[in-house]
Amino acid sequence: MVAAVITAVLGHYTDTIIIVFVAVINALMGFIQENKAEKALDDIKNLLSLKSLVIRNGQRLEIDSKDLTVGDIVSLNPGDKVPADLRLFKTNNLKVEESMLTGESVPSDKFIETVTEDTPLGDRDNMAFSSTTVTSGTGLGIVTGIGSNTELGKINQLIAETPHIVTPLIQQTKKLGKIISFVIVGIALLVFLFGYFFRDYPTGELLLAVIGLAVAAIPEGLPAILSIILAIGVQNMAKRNAIIRNLPSVETLGAVSVICSDKTGTLTKNEMTVKVVVTKNNEYEVSGNGYAPEGEILLDGEKVDVNSEEVLSNLINCFEYCNDATIREDEKGQWIVNGDPTEGALITLYEKADLEEREVKRVAEIPFDSSYKYMAILAEMGDKKRIFIKGAPDRLIRLAEQEKMMKVLMILIVNTGIIRLKNLLKEDNV
């Protein structure tokens with residue numbers, strides 16, 4: 001702007017117009033880019049739960065999460081976002097997805113046992129942290145931290161307290177500007193002294209000539225050119241879905257040679273997708289990514305009619321029946337999973353298979369547990385009953401021994417008896 005005023009005073013109106021135009025365009029592009037970045041940052045608010053189910057004075061109430069206070073008892077259910085940091089005191093197969101804090105892609109099992117004070121964040125199994133998601137089970141916890149006192153709030157404080165760092169390009173530009181300024185002022189001073197003492201020019205005319213020389217020598221277009229180059233870089237990054245808040249950050253990224261980053265939730269979306277299905281005789285490929293049920297099951301590049309493949313259809317039906325997860329499309333058109341990511345991927349595979357639906361009633365089940373690494377259900381299919389089981393390959397191979405499979409069968413029979421007893425009690429209003 002100073003250069004524009006000086007060029008206008010000296011009558012260089014073309015230069016004035018160009019300088020002002022470039023400055024305005026630069027400011028406008030910076031404003032638009034920062035506005036995009038601010039909108040992206042606003043999406044972080046969606047991480048926080050808006051409503052919470054609490055127990056106050058012995059009554060269950062639904063309140064705004066912003067009204068929670070330390071000491072409140074919060075009830076957690078599948079699909080809930082944890083509204084604050086909680087110390088759990090009651091759990092029932094509770095699993096919480098904590099990848100945004102710990103980087104672990106697999107949901108963490110939660111218990112109520114006490115842990116030592118110096119236990120790392122990822123191993124605090126008796127805590128549920130703000131903004132994480134309940135994938136399965138239920139639990140009760142006491143609020144121990146809200147707002148800036150939560151683990152997420154501490155991260156936010158660290159980001160806010162990060163000192164302002166000048167990028168290498170800005171440092172070099174400032175250094176170049178100082179050197180050029182000193183050189184130009186020095187040369188202008190020498191020219192003025194030479195003309196005044198050795199050529200006897202009039203002071204006013206000489207002063208005007210020296211000012212013109214200095215203005216002509218100052219590279220006022222350099223900052224504008226740099227800004228334009230950076231702005232082009234920002235736009236190219238934006239086309240690749242990388243939002244950059246400040247223009248000089250483009251140059252900083254260009255100078256980076258090594259990035260140290262956690263994978264899950266940072267470089268990946270923490271989504272699981274079935275890509276290959278292997279049976280005894282064939283290896284099938286599966287197209288599509290994420291939890292969206294869009295894709296096909298292929299054999300040698302050709303689409304497979306899964307209904308005509310008995311082994312494949314039985315396998316995929318097992319994935320559907322012996323499963324506690326669900327997938328759904330949210331209001332933004334994104335497909336998300338409620339439950340374990342691996343089980344969600346299996347549900348997506350079932351949807352892609354487009355199998356004929358059967359009437360299946362789950363009579364009894366053995367829920368998945370990390371100690372035995374499998375899940376089994378007893379399903380009623382018309383006038384037949386079938387056992388469906390899925391789990392870790394090494395455990396299933398061991399279960400193939402008759403003695404161990406009989407143990408699973410006995411557990412399911414016992415569970416069936418308990419369920420029938422409960423139904424009889426309900427019918428008799430006992």
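For the single chain, residues carry numbers from 1 onward in sequence order.
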**Message:** Would you say that Leu346 contacts Glu320 through its side chain, given a criterion of any heavy-atom pair below 4.5 Å between the two side chains?
**Reply:** no
**Message:** Around atom CZ of Arg386, are there more than 12 heavy atoms from other residues, nucleotides or ligands closer than 6.0 Å?
**Reply:** no
**Asked** Can you check whether Met127 reaches Glu98 side chain to side chain, under 4.5 Å on heavy atoms?
**Response** no
**Item:** Contact list for residues 288-330, test ring-ring contact (aromatic ring centres under 6.0 Å, His included), sequence neighbours left out
**Value:** Tyr321-Phe388
**Request:** Side-chain contact test, heavy atoms from C-beta onward, threshold under 4.5 Å: evaluate it for Leu396 versus Ile389 and give yes or no.
**Result:** yes
**Request:** Please report the shortest heavy-atom distance between Val274 and Leu349, naming the atom on each side.
**Result:** CG1-CD2, 4.0 Å
**Request:** Identify the two heavy atoms, one from Thr69 and one from Ile146, that lie closest to each other, and give their separation to 0.1 Å.
**Result:** CA-CD1, 4.2 Å
**Item:** Any donor-acceptor N/O pair, Asp123 side chain to Pro120 backbone, under 3.5 Å
**Value:** no
**Asked** So, do Asp324 and Ser136 sit near enough that their side-chain heavy atoms are less than 4.5 Å apart?
**Response** no
**Prompt:** Looking only at heavy atoms, which two atoms of Asn93 and Pro367 are closest? And how far apart?
**Reply:** ND2-CG, 4.5 Å
**Request:** Would you check if Leu53 and Arg60 make a side-chain contact, meaning some heavy-atom pair closer than 4.5 Å?
**Result:** yes
**Side-chain donor or acceptor of Thr279 paired with backbone N/O of Leu312 under 3.5 Å** = no
**Message:** Tell me if a side-chain donor or acceptor on Asn57 pairs with a main-chain N or O of Gln59 at a distance below 3.5 Å.
**Reply:** no
**Prompt:** With distance as the sole criterion, is a donor-acceptor pair present between the side chains of Glu271 and Thr273 under 3.5 Å?
**Reply:** no
**Request:** Check the surroundings of atom NZ in Lys275: do more than 12 heavy atoms from other residues, nucleotides or ligands lie under 6.0 Å from it?
**Result:** yes
**Message:** Give me the atom names and distance for the closest heavy-atom approach of Thr135 to Val96.
**Reply:** OG1-N, 4.2 Å
**Prompt:** Is atom CZ of Phe21 surrounded by more than 12 heavy atoms (other residues, nucleotides or ligands) closer than 6.0 Å?
**Reply:** no
**Message:** Keeping Gln334 on the side-chain end and Ile336 on the backbone end, is there a donor-acceptor pair under 3.5 Å?
**Reply:** no
**Request:** Please say whether more than 12 non-hydrogen atoms of neighbouring residues, nucleotides or ligands are located less than 6.0 Å from CD1 in Ile259.
**Result:** no
**Asked** Under 3.5 Å, is there a donor-acceptor pair between the side chain of Asp85 and the main chain of Ser130?
**Response** yes
**Asked** When you look at CD of Glu285, are more than 12 heavy atoms from neighbouring residues, nucleotides or ligands closer to it than 6.0 Å?
**Response** no
**Complete:** For Phe111 and Thr91, the nearest pair of non-hydrogen atoms, with its separation, is CA-OG1, 4.1 Å
Name the atoms and distances for all side-chain donor-acceptor pairs under 3.5 Å in residues 292-305, with sequence neighbours left out.
unit_1, atom_1, unit_2, atom_2, d
Asp305, OD1, Asn307, N, 3.4

**Prompt:** Side chains of Val306 and Asp354: does their closest heavy-atom pair fall under 4.5 Å?
**Reply:** no
**Request:** Could you tell me which residues satisfy salt bridge (charged side-chain N to carboxylate O under 4.0 Å, His left out) with Lys390, sequence neighbours excluded, listed by chain and number?
**Result:** Glu343
**Complete:** For Ala84 and Leu68, the nearest pair of non-hydrogen atoms, with its separation, is CB-CD1, 4.2 Å
